[in-house]
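If you read the sequence from its start, that first residue is 1, and numbering goes on from there.
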Amino acid sequence: MVEGIEGPAPENNRLPRPFDTDKLTSARVYDYLLGGKDNYDVDQDMAHQMLSSTPELKTLAWFTRSFMHKAVQVAADAGIRQFIDLGSGTPSSPNVHEVAREIEPSARVVYVDYDQIVVTHCDALLARSPGVAALWGDVRRPHDILDELVHLELIDLDEPVAILLVSVLHYVMDHEHPAEILAALRDRIAPGSYLAITHGSSDSSPEILQVLAGTNGTSAQVAFRSTTQTEAFLTGFELLEPGVVPVQQWLRPGLPDTRMVMLGAIGRKP
């Protein structure tokens with residue numbers, strides 16, 4: 001058991017309240033940046049504020065989404081048939097199960113999110129497919145999530161699994177023990193499992209970091225970290241090439257740099 005993450009999860013104003021459309025959430029801001037419709041005025045206002053000074057955020061959102069697709073393909077090509085999308089966000093096609101099933105039609109996928117509105121959308125849009133489920137869960141309590149997945153017989157932790165944490169960890173503050181969360185997941189999954197993460201980089205331009213400071217005190221508050229700090233989250237995993245790099249470098253040559261740097265990495269548990 002990992003010390004420091006099994007007690008009651010801290011409650012504060014950053015946490016989304018069920019069906020509270022007056023409070024912005026990172027999932028719905030991201031949905032808006034991807035061109036989705038499952039967001040509200042408060043989410044759109046924050047997105048517009050960010051885009052006014054950082055218009056490339058929409059492009060970066062698509063780069064990050066494309067990295068997720070790449071990670072799913074890498075894991076599926078390696079024989080992974082179980083996927084857990086932690087902090088999945090509002091569904092936006094192609095989703096994880098659609099990408100995985102292009103390679104393996106029998107792939108099982110569970111979408112997990114803390115925002116009850118997101119889970120409701122997942123239930124309505126995705127969970128009617130056999131082998132696809134949506135689950136409410138707090139990423140800060142990884143053992144609870146994994147225990148529930150096993151109890152519901154959604155995931156077999158004795159077999160390799162791919163865990164996705166795309167644009168999630170920078171919403172976990174230092175006092176919420178992000179490294180311990182990753183260690184808890186690593187220790188419960190079988191050898192041969194994959195972990196894919198993206199994380200906002202502290203190497204982003206100062207003006208971008210200043211804009212994002214406007215999210216402090218909300219559920220969209222961020223704690224950007226260095227490449228070294230991000231790589232440390234994958235301790236115990238074999239890093240796939242090209243390692244911990246901006247997500248663009250995982251996709252194809254020639255994609256533009258962005259002032260906000262989003263790091264991507266894929267690891268395999270030996």
Side-chain angles (χ1 to χ4, degrees), residues 14-16 24-36 38-39 43 46-47 50-51 54 56-72 83-96 99 111-115 117-119 121-122 137-140 142 145 162-173 176 178 181-182 185 194-204 208-209 211-212 214-216 218-227 229-231 233-234 244-251 258-267:
R14 294 198 313 107
L15 305 183
L24 72 87
T25 72
S26 56
R28 297 198 299 266
V29 172
Y30 187 54
D31 175 70
Y32 182 80
L33 292 174
L34 289 172
D38 296 312
N39 47 75
D43 311 299
M46 175 55 70
M50 296 164 68
L51 288 168
T54 319
E56 70 266 32
L57 279 182
K58 279 196 173 184
T59 300
L60 184 58
W62 280 106
F63 287 164
T64 303
R65 187 77 176 175
S66 297
F67 168 84
M68 183 195 75
H69 297 159
K70 173 79 171 184
V72 172
F83 296 81
I84 306 171
D85 189 0
L86 294 179
S88 59
T90 306
S92 179
S93 186
N95 294 286
V96 171
V99 176
Y111 297 93
V112 182
D113 205 281
Y114 191 89
D115 187 336
I117 294 178
V118 167
V119 177
H121 281 302
C122 286
D138 185 344
V139 72
R140 298 166 307 158
I145 293 173
I163 296 179
L164 308 170
L165 280 159
V166 176
S167 297
V168 173
L169 290 172
H170 48 245
Y171 295 115
V172 180
M173 302 295 105
E176 294 170 323
I181 291 170
L182 270 296
L185 295 171
Y194 281 71
L195 173 70
I197 68 172
T198 67
H199 198 296
S201 172
S202 56
D203 290 330
S204 300
I208 302 304
L209 299 178
V211 170
L212 293 173
T215 64
N216 290 348
T218 75
S219 67
Q221 180 177 344
V222 294
F224 280 6
R225 299 178 174 100
S226 69
T227 300
Q229 289 173 307
T230 302
E231 183 172 344
F233 289 149
L234 288 102
V244 183
V245 297
V247 289
Q248 294 95 309
Q249 296 183 29
W250 278 93
L251 303 178
T258 51
R259 290 178 297 161
M260 176 174 167
V261 178
M262 185 69 70
L263 300 170
I266 303 174

key: Sequence-distant partners of Gln249, side chain to side chain donor-acceptor pair (under 3.5 Å), two or more places apart   =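 With neighbours one apart ignored, the set is empty.
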
Under the side chain to side chain donor-acceptor pair (under 3.5 Å) test, residues paired with Thr198 that sit two or more places apart = Ser167

Thr227: side chain to side chain contact (heavy atoms under 4.5 Å, CB included) partners, not counting sequence neighbours =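 If we apply the side chain to side chain contact (heavy atoms under 4.5 Å, CB included) test to Thr227, skipping adjacent residues, the hits are Asp203, Val244, Leu263.
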
task = Mind checking side chain to side chain contact (heavy atoms under 4.5 Å, CB included) for Val96 and listing every partner two or more places apart, or none if nothing turns up?
result =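 Here the qualifying residues are Met68, Val72, Phe83, Asp85, Val109, Tyr111, Leu164.
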
task = Can you sort out the partners of Tyr194 under ring-ring contact (aromatic ring centres under 6.0 Å, His included), two or more places apart, ordered by chain and number?
result = none

message = Taking ring-ring contact (aromatic ring centres under 6.0 Å, His included) as the definition, give me every residue that meets it alongside Phe233, ordered by chain and number, with sequence neighbours left out.
response = His199

query = What pair of heavy atoms forms the shortest contact from Phe67 to Ile197, and how long is it?
reply =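 In this case the closest contact between Phe67 and Ile197 is CE2-O, 3.5 Å.
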
Under 3.5 Å, side chain of [X] to main-chain N/O of [Y], donor-acceptor pair present?
{"X": "Trp250", "Y": "Lys70", "result": "no"}
{"X": "Thr258", "Y": "Val261", "result": "no"}
{"X": "His170", "Y": "Phe224", "result": "no"}
{"X": "Arg140", "Y": "Ile181", "result": "no"}
{"X": "Asp113", "Y": "Ser88", "result": "yes"}

At what distance, to the nearest 0.5 angstrom, does [atom1] of [X] lie from [atom2] of [Y]?
{"X": "Met262", "Y": "Leu60", "atom1": "CE", "atom2": "CG", "value": "5.0 Å"}
{"X": "Leu169", "Y": "Gln229", "atom1": "CG", "atom2": "CD", "value": "12.0 Å"}
{"X": "His69", "Y": "Ser66", "atom1": "NE2", "atom2": "OG", "value": "6.5 Å"}
{"X": "Leu195", "Y": "Leu182", "atom1": "CG", "atom2": "CG", "value": "5.5 Å"}

message = Taking side-chain contact (heavy atoms from CB on, under 4.5 Å) as the criterion, tell me which of Asp138, Val112, Leu185 meets it with Ile145.
response = Val112

task = Let me see the working for Arg259 and Ser204 under side-chain contact (heavy atoms from CB on, under 4.5 Å), right down to the final yes or no.
result = CA-CA 6 Å; Arg259 290 178 297 161; Ser204 300; over 6 Å; no

key: Close side-chain approach of Arg225 to Ser202, heavy-atom, < 4.5 Å   =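 No, every pair of side-chain atoms sits at 4.5 Å or beyond.
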
Test log, rule side-chain contact (heavy atoms from CB on, under 4.5 Å), inputs Val168 and Leu86 = CA-CA 8 Å; Val168 173; Leu86 294 179; 5.6 Å; no

request  = Kindly indicate, with the supporting measurements, whether the criterion side-chain contact (heavy atoms from CB on, under 4.5 Å) is fulfilled by Tyr114 and Val139.
outcome  = CA-CA 8 Å; Tyr114 191 89; Val139 72; over 6 Å; no

